[in-house]
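Below you'll find the structure, written out as structure tokens, and then a few comments.
Proteins come first, then strands; the chains are lettered A, B, ... in the order of their sequence lines, and each starts at number 1. These figures come from a predicted structure and were not determined experimentally.
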Protein chains: 2
Amino acid sequence: MDKLQIKELLNGQKFRLTSERESLLDVFASSSSMLTPSQLYELADKHDINIGLTTVYRLLEVLTKVGVATPFLVDGTIFYAYCGCEHHHHFVCLSCHRVMDIQGSCPSFDVPDNFRVSSHRSDLYGTCSDCQTANDAGCTH
Amino acid sequence: MDKLQIKELLNGQKFRLTSERESLLDVFASSSSMLTPSQLYELADKHDINIGLTTVYRLLEVLTKVGVATPFLVDGTIFYAYCGCEHHHHFVCLSCHRVMDIQGSCPSFDVPDNFRVSSHRSDLYGTCSDCQTANDAGCTH
DNA sequence: TCAATATAGAAAATGATTTTCAATATTTCC
DNA sequence: GGAAATATTGAAAATCATTTTCTATATTGA
């Protein structure tokens with residue numbers, strides 16, 4: 001999903017893609033990890049992009065509303081991952097916090113006919129290969 | 001899952017099922033909705049069970065650790081649902097906050113061999129039949 | 001029983017998130 | 001282009017959620 005598409009998604013709900021938001025979005029989209037608002041704020045800072053924390057919160061809010069950001073609750077902390085595509089399945093590495101889209105067909109559930117399903121999430125949690133290697137290397141037995 | 005099993009699950013991690021926790025657990029288990037800690041605190045209060053809010057937080061923490069409570073993040077708010085069984089699939093009504101276990105086989109995902117998957121969640125969000133009826137009834141057009 | 005450990009609860013502290021508000025920027029429409 | 005309307009920014013303040021602290025109490029285990 002390119003920036004123009006995101007801009008149009010935002011505009012569709014009367015949100016604007018300002019230069020501040022665009023800079024933040026670049027940083028957000030280039031991270032393969034889920035981030036807390038504060039982490040995104042600090043990551044932007046490292047790129048010499050100095051945007052207020054409130055603006056970070058507001059960007060993540062509107063991106064979530066249009067489906068470009070996905071919130072994750074891990075150990076009581078709320079993180080956000082950039083999700084350019086409409087896929088709802090993720091693998092979350094609990095060690096490095098990387099989030100990867102994964103293949104797999106949506107499961108079919110037995111929901112009563114009179115229930116309306118508006119969305120679904122299927123997330124896997126575990127340890128990615130890099131982190132397993134790192135853990136093995138650091139392991140002393 | 002009965003109380004004895006939960007007690008043993010807790011004891012297995014050096015947690016205790018005190019009388020305060022047992023009272024709270026009864027209230028929690030009898031609710032079909034996901035609840036915030038404050039909501040559980042107030043619901044207990046209505047049952048003349050007066051337990052400190054801190055204790056509510058601590059109960060939900062230990063129940064989550066042993067898998068008896070499941071946290072849900074909805075619109076930025078963290079809720080907990082009692083999940084007596086080990087099933088990981090839920091339907092969450094975004095209107096009344098009821099959480100229902102749903103049938104359906106776990107989806108098979110294409111995760112690389114060298115990734116270790118420790119858990120997964122598959123949740124559906126939508127409107128239950130009761131709430132749809134209620135909404136239709138309240139609808140003026 | 002004695003020692004070690006876990007818990008309860010109130011209060012205080014912390015941390016995360018939202019609100020407020022004045023200034024600025026962007027869009028809309030004429 | 002130039003108002004008027006609308007949305008955004010960012011700092012500060014306010015709010016809300018959660019955790020920590022600490023003392024008293026209860027439970028477990030040797």
Worksheet item: Do A:F79 and A:Y57 share a hydrophobic cluster (ILVMFWY, side-chain heavy atoms under 4.5 Å, transitive)?
Response: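 No, because A:F79 and A:Y57 fall into different hydrophobic clusters, even though each may have its own neighbours under 4.5 Å.
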Worksheet item: Any link between B:V62 and B:F28 through a network of hydrophobic side chains (Ile, Leu, Val, Met, Phe, Trp, Tyr) touching at under 4.5 Å?
Response: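 Yes; tracing contacts between hydrophobic side chains, which count when under 4.5 Å, links both residues.
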Item to complete: Taking only heavy atoms on the protein side, list every residue of residues 20-28 of chain B lying under 4.0 Å from any atom of DNA chain C, sorted numerically.
Response: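 When residues 20-28 of chain B is checked for heavy atoms under 4.0 Å from DNA chain C, the hits, listed by number, are B:E20, B:R21.
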Discussion item. Can you list, in residue-number order, the parts of residues 52-69 of chain A that come under 4.0 Å of DNA chain C, counting heavy atoms only?
Written reply: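 Those residues are A:T54, A:Y57, A:R58.
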Discussion item. Just the rounded figure in Å: distance from C1' of C:dT26 to CZ of A:F15.
Written reply: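 Rounding to the nearest Å, CZ of A:F15 and C1' of C:dT26 are 16 Å apart.
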Worksheet item: From the list C:dT17, C:dA25, C:dT5, which nucleotide is the closest neighbour of the side chain of A:P37?
Response: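 In terms of side-chain proximity for A:P37, the closest of C:dT17, C:dA25, C:dT5 is C:dT17.
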Worksheet item: Which is the 5'-most and which the 3'-most nucleotide of DNA chain D that has an atom under 4.0 Å from a heavy atom of chain A?
Response: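 The footprint of chain A covers D:dT6 to D:dA12.
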Discussion item. Minimum heavy-atom separation for B:G126 and A:S118, please, with both atom names.
Written reply: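 For B:G126 and A:S118, the tightest heavy-atom pair comes out as CA-OG, 3.5 Å.
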Practice prompt. Can you see which heavy atom on A:V56 is nearest to which on A:P37, and at what distance?
Written response: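 A:V56 and A:P37 have their closest heavy atoms at CG1-O, 3.5 Å.
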Item to complete: Go ahead and name the base partner of D:dA30; Watson-Crick or wobble counts if both distances stay under 3.5 Å, otherwise write none.
Response: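 For D:dA30, the partner nucleotide comes out as C:dT1, under the 3.5 Å rule.
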Practice prompt. I would like to know whether B:I78 and B:T36 meet side-chain contact (heavy atoms from CB on, under 4.5 Å); could you show each step before the answer?
Written response: CA-CA 6 Å; B:I78 300 174; B:T36 63; over 6 Å; no
Worksheet item: Taking C-beta and beyond as the side chain, do B:T64 and B:T70 meet within less than 4.5 Å on heavy atoms?
Response: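 With C-beta onward as the side chain, the pair stays apart.
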Worksheet item: B:F91 and side-chain contact (heavy atoms from CB on, under 4.5 Å): which partner among B:L124, B:V99, B:T127?
Response: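 When side-chain contact (heavy atoms from CB on, under 4.5 Å) is applied between B:F91 and each of B:L124, B:V99, B:T127, only B:L124 qualifies.
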Practice prompt. State plainly whether the residues B:E61 and B:K65 are in salt-bridge range, i.e. N to O under 4.0 Å.
Written response: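 So B:E61 pairs with B:K65 through a salt bridge.
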Practice prompt. Find which nucleotide of DNA chain C each of B:I51 and A:K7 is nearest to by heavy atoms, and output the residue with the more 5' nucleotide.
Written response: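 By nearest-heavy-atom nucleotide position, the 5'-most residue is B:I51.
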Discussion item. Return whichever of B:Y41 or B:K14 has its heavy-atom-nearest nucleotide of DNA chain C closer to the 5' end.
Written reply: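 Its nearest nucleotide lies further toward 5', so the answer is B:K14.
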Item to complete: Step through it carefully: locate the ring centre of A:H120, locate the ring centre of A:H89, and say whether they are under 6.0 Å apart.
Response: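 Yes, the ring of A:H120 comes within the 6.0 Å limit of the ring of A:H89, centre to centre.
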Worksheet item: Are B:Y80 and B:F72 close enough that their ring centers fall under 6.0 Å?
Response: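 Centroid distance B:Y80-B:F72: not below 6.0 Å, so no.
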Worksheet entry | Intermediate values then yes/no, side-chain contact (heavy atoms from CB on, under 4.5 Å), A:R121 and B:Y125 | CA-CA 8 Å; A:R121 290 269 304 260; B:Y125 297 89; 4.2 Å; yes
